[in-house]
Number of protein chains: 2
Amino acid sequence: MAAQQRQITLTEVARAAGVSTATASRAINGSSRRVSADIAARVKRTAEELGYLPNLSAQTVAKGASPTVAVLLSDVADPYFSAIAAGVMSGASEAGLMVTMAASERSPVRELEMLRTFRSQRPQAIIVAGSRDEENAHTQEFTAALRAYAETGGRVVVITQGPSPFDLVDIQNHDGARKLAHALVDRGGRDFGVVSGRMTLQTNADRISGFRAGLAERGISLSDDAIVETEFTRDGGYVGMHELLARRQDLGAPLDTVFATSDMMAFGAATAIRDHGLRVGTDISLAGFDNVGLTEDMNPAMTSVEIPLHELGQSAVRLALGSGAEPVRLKIQTRVVLRASTPQR
Amino acid sequence: MAAQQRQITLTEVARAAGVSTATASRAINGSSRRVSADIAARVKRTAEELGYLPNLSAQTVAKGASPTVAVLLSDVADPYFSAIAAGVMSGASEAGLMVTMAASERSPVRELEMLRTFRSQRPQAIIVAGSRDEENAHTQEFTAALRAYAETGGRVVVITQGPSPFDLVDIQNHDGARKLAHALVDRGGRDFGVVSGRMTLQTNADRISGFRAGLAERGISLSDDAIVETEFTRDGGYVGMHELLARRQDLGAPLDTVFATSDMMAFGAATAIRDHGLRVGTDISLAGFDNVGLTEDMNPAMTSVEIPLHELGQSAVRLALGSGAEPVRLKIQTRVVLRASTPQR
DNA sequence: TTGAAAGCGTTACCAA
DNA sequence: TTGGTAACGCTTTCAA
């Protein structure tokens, strides 16, 4: 490695071009004031030759605003979040913003820490994905911190959350699950089971209540012992499905159709069904939610409820860049996608 | 929303606590100099009461270094990259660093832009994942920019790349593919086909050459028309598999085992096989590479070559934080995971 | 141990 | 249009 060189500063560019720093600043990084064409050209050329790059932090200090959006999510490795993250990154890049990202790994304490760090960064907006556990004590503190951030001029966009004072990207989970229930009944489902995440998660709760409502509208009721509550993850789906099958067996109760409240859970559930010696689709119909990539590459292809996750991520950025006069609630519609995992029976 | 308030500054905290800014800085954000315990406590309490949060940009300007790592990848929505990203985020959080992330969406031009923005940010390190197209003209420019960054004291860590002057996380793609070839021959494979990404991608090329070498060691040669070159994506896998099947049919050539050079390609390929009316495993054995999540939830479960992607992401951060005296090459071993998609035949 | 003051790289105001 | 200079919020050197 060559000897450590310093980065060229704007002052150095200015001196080399024979102008003041003020002029150099105006020429390179633009502003309302304009600069004569020839000087501007000269400065830019000098900057180019010297390999000048603006110091973003210095700009941020001087301007009082950082060209950044921060994204807080549970886990990027989860396709649900990674699709949202991809959307946010694409939206941010369109808007000329950088993205800082942190994963809470589903720990409320870490979440609080990351939010603190985000705030120190003073981004234009903080986007929060993944619903918090309503019952957790940290949730209040979390909301308070977000509010404090908003009060100092930051924008907050929350994805799927209960009522909130912030801009909200509101995925129609209830409605989607309700439509899914209708579709499954139409396909001949009669004896339903649900593999569910924790009920304290808003997203999960909405899906359950929507599903229940949809079934009720078709005259089918969902008994409590038909619902297994487990972790809202792939492994949760696997374990939960095993438990559901065992439980129904013990009760001697029939089971023809299972709704797993997320695709990740459904993937785990599918494997559990096979490990039980049963066939997905043929013996037990199975549906997920999110319509994450790979649902169609499953065998049989997995029925799911589509959420436009990528677009949703982009929208979150646009929302964050809006006027912000009043908190906006952006409803995201869902769509049932029937596939071979829930055949006509 | 409440009226726009300003953020509390260190100066304000100092004044409120009746000390100098210098002391306040030392008390709160630490430094070599120490502060008497009582004053430190008083300052910290005041800061707490006032809701002070350090301004990271100001700190960065003053210190000349930003507590940040930047990650450049092709596409977060791809499980391969999202697993790496998760690892990087976890490693960064351990080290007390923030993460800024950008996706090139496989466009060399965008990649160059994002690198420029990264450089403006002056992060401690830039981590580059996803191999560049060696033949692309932008690649040189890209490397030059990385070098310039390194010369100004930045650390560069590159994941899977050809020879490079930077720290390198070197996934043993050749070796992994070679071992896979052995395993597939041991399972009775004789007539092989490959669904491959672009040969100009280092990662892909290494996998192909390793696979070819492995077959050769078992006395099997891979003819050129047994390899279909397509996009290094799920859709590429789908299309490529269709083409491979059609081609072999035209030639009247047998085909019992297919290697898709990534799991995503393999997933697409599996669906293509089914769409052709054939069964994965039974009619055609199929293996992927990366051992991304969900390989075991496929039906049949997908044989793959495991790369410890998460750990690799964490290691990349540690590498970036190392001394940096000499470029380090960290070899990442792979492991063949045989599953039902490649049964004994 | 504490404080005054210079400095980090910019931007933005105010004159010229 | 251009330049001088204060200001942004913080760290760090140098004295006290």
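A note on names: the letters A, B, ... follow the listed sequences, proteins ahead of strands, and every chain is numbered from 1. Values reported hereafter were calculated over all heavy atoms of this structure, with side chains retained and with hydrogens, waters and symmetry mates removed.
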More than 12 foreign heavy atoms under 6.0 Å from CZ of R318(B): is that the case here? yes
To the nearest angstrom, how far is R119(B) atom CZ from dG9(C) atom C1'? 17 Å
Without decimals, in angstroms, what is the distance between N55(A) CG and dG9(C) C1'? 6 Å
Starting at CG of L56(A) and ending at P of dG9(C), how long is that distance when rounded to a whole Å? 15 Å
Which one, dT2(C), dT5(D), dT2(D), comes nearest to the side chain of A22(A)? dT5(D)
Under 4.0 Å: is that the gap between some side-chain N or O of Q59(B) and OP1 or OP2 of dC10(D)? no
It should be established whether R42(B) places a side-chain nitrogen or oxygen under 4.0 Å from OP1 or OP2 of nucleotide dT2(C). no
Closest to the side chain of V61(A), out of dG4(D), dC8(D), dT10(C), is dC8(D)
Can you measure R122(A) atom CZ to dT10(C) atom P for me and round it to whole angstrom units? 20 Å
NA contact type, L53(A), heavy-atom cut-off 4.0 Å: base, sugar-phosphate, or nothing? sugar-phosphate
Tell me: CG of L50(B) to C1' of dG9(D), nearest whole Å? 15 Å
Phosphate OP1/OP2 of dG3(D): any S20(A) side-chain N/O under 4.0 Å: yes
Strictly below 4.0 Å: does T9(A) bring a side-chain N or O up to OP1 or OP2 of dC8(C)? no
Using a cut-off of strictly less than 4.0 Å, decide whether S36(B) has a side-chain nitrogen or oxygen near OP1 or OP2 of dT2(C). yes
Whole-Å gap separating P (dT2(D)) and CG (L10(A)): 15 Å
Below 4.0 Å: OP1/OP2 of dT11(D) and any side-chain N or O of N29(B): yes
At under 4.0 Å, does any side-chain N or O of T23(A) touch on OP1 or OP2 of dT2(D)? no
Gap separating the CD atom of E326(A) from the CG atom of D167(A), nearest 0.5 angstrom: 10.0 Å
Which nucleotide, dT2(C), dC13(C), dT5(D), lies nearest any side-chain atom of R26(A)? dC13(C)
Go through the side-chain N and O atoms of S93(A) and R110(B) and say whether any donor and acceptor fall under 3.5 Å apart. yes
Would Q7(A) and N55(A) count as having a side-chain donor-acceptor pair, cut-off 3.5 Å? no
Between dA7(D) atom P and R6(B) atom CZ, what is the distance in whole Å? 14 Å
Euclidean distance, S25(A) OG relative to Q59(A) CD, rounded to 0.5 Å: 7.5 Å
Specify the separation, in whole Å, of atom CD of Q7(A) and atom C1' of dG9(C). 11 Å
Could you check which of dG9(D), dG4(D), dT10(C) has an atom nearest any side-chain atom of A62(B)? dG9(D)
